[in-house]
Amino acid sequence: MEIKAVIIQTLAAIPSGKVAAYGQIAKMAGYPGYARYVGTVLKQLPSGSNIPWDRVVNAKGEISFAESSKEYLKQHQLLMSEGVVVNNGRVSMKIFGI
DNA sequence: CCTGTGACCGGTA
DNA sequence: ATACCGGCCACAG
């Protein structure tokens, strides 16, 4: 119950217009190695929460959904609307570095 | 209790 | 640059 909260806080701290990697978030939260768990938490987030799940990408800077998936398109759109440039599924260096 | 799974990561070839 | 591999940790069945 502790870890989840910290991760969510860290997610909420990502400024608009920037993105962060799963592992990076885990590390910032003080739990290095919890990258996968970050994904688990995001997946279980209730819809309607204020958590910017769309600003989370994998270590390669890519969206972690299949291109054909609906979620991919949605995330892509959200990122664009926040000023993040996405090229071929890859975000252009706007990584959140506190 | 044990096993498989996941919106992952880093090192090595 | 890409491909493969082992490690990672909580959670559901």
Side-chain angles (χ1 to χ4, degrees):
Chain A
M1 191 56 165
E2 178 85 18
I3 303 177
K4 210 168 174 180
V6 178
I7 296 219
I8 290 180
Q9 273 183 43
T10 309
L11 286 169
I14 302 175
S16 175
K18 294 199 177 176
V19 297
Y22 292 89
Q24 189 184 2
I25 291 168
K27 207 184 221 176
M28 281 190 298
Y31 295 92
Y34 282 62
R36 304 191 73 154
Y37 185 57
V38 172
T40 304
V41 171
L42 287 178
K43 190 154 86 173
Q44 295 177 352
L45 278 178
S47 55
S49 61
N50 46 343
I51 307 303
W53 61 272
D54 45 283
R55 294 175 201 160
V56 187
V57 294
N58 62 26
K60 304 179 196 96
E62 301 176 325
I63 294 176
S64 298
F65 286 109
E67 300 180 28
S68 53
S69 81
K70 201 174 176 183
E71 293 292 356
Y72 173 92
L73 296 174
K74 183 155 191 186
Q75 184 172 4
H76 182 258
Q77 181 182 324
L78 284 169
L79 287 175
M80 275 196 320
S81 70
E82 291 181 353
V84 178
V85 182
V86 183
N87 292 334
N88 202 12
R90 253 170 264 143
V91 304
S92 70
M93 55 180 201
K94 291 212 170 193
I95 309 298
F96 174 44
I98 294 274

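Numbered from 1 within each chain, the chains take letters A, B, ... in sequence-line order.
- Residue A:Val91 is not grouped with residue A:Met80 when hydrophobic side chains (ILVMFWY) are merged at heavy-atom distances under 4.5 angstrom, including chains of intermediate members.
- Rounding to whole angstrom units, CD1 of residue A:Ile7 and C1' of C:dC11 are separated by 14 Å.
- A:Val85 and A:Val57 fall into different hydrophobic clusters, where Ile, Leu, Val, Met, Phe, Trp and Tyr are joined by side-chain heavy atoms under 4.5 Å apart, directly or via other members.
- When each of A:Asn50, A:Leu42, A:Val6 is tested with A:Leu11 by the rule side chain to side chain contact (heavy atoms under 4.5 Å, CB included), just one qualifies, namely A:Leu42.
- Applying the salt bridge (Lys or Arg N to Asp or Glu O under 4.0 Å) definition to pairs two or more places apart or across chains, those involving residues 44-62 of chain A are A:Arg55-A:Glu82, A:Glu62-A:Arg90.
- Atom-to-atom, NZ of A:Lys43 to P of B:dA7 comes out at 3 Å; the value is rounded to the nearest Å.
- Nucleotides B:dC1 and C:dA12 place their C1' atoms 14 Å apart, quoted to the nearest Å.
- One atom, NZ of A:Lys74, and another, C1' of B:dA7, lie 15 Å apart when rounded to the nearest Å.
- As judged by a 4.0 angstrom heavy-atom cut-off over every strand, A:Tyr37 is placed among residues touching the sugar-phosphate backbone only.
- Note: CG (A:Asp54) to P (B:dA7) measures 17 Å, nearest angstrom.
- Whole-Å rounding puts the A:Gln24 CD to C:dC8 C1' distance at 18 Å.
- Ring pair A:His76/A:Tyr72 is parallel by interplanar angle, where below 30° counts as parallel and above 60° as perpendicular.
- Within 4.0 Å of A:Tyr22, counting heavy atoms only, lies at least one base atom of the nucleic acid.
- For the P atoms, the distance linking B:dA7 with C:dG6 amounts to 22 Å, nearest Å.
- Along DNA chain C, the nucleotide nearest to A:Lys4 and the one nearest to A:Arg36 differ in position, and the one closer to the 5' end is contacted by A:Arg36.
- The shortest distance between the side-chain N/O atoms of A:Thr40 and the OP1/OP2 oxygens of B:dA7 is not below 4.0 Å.
- A:Phe65 places its CZ atom 13 Å from the C1' atom of B:dC8, with the value rounded to the nearest Å.
- Whole-Å rounding puts the A:Tyr31 OH to B:dC8 P distance at 21 Å.
- With rounding to whole Å, A:Tyr34 atom OH is found 18 Å from B:dC8 atom P.
- The side chain of A:Ala21 lies closest to B:dC9 when the candidates are B:dC9, B:dA7, C:dC11.
- B:dT5 and C:dC8 have their C1' atoms separated by 13 Å, with the value rounded to a whole Å.
- Listed nucleotides C:dA10, B:dC8, B:dA7 differ in distance to A:Ile3; the shortest reach to its side chain belongs to C:dA10.
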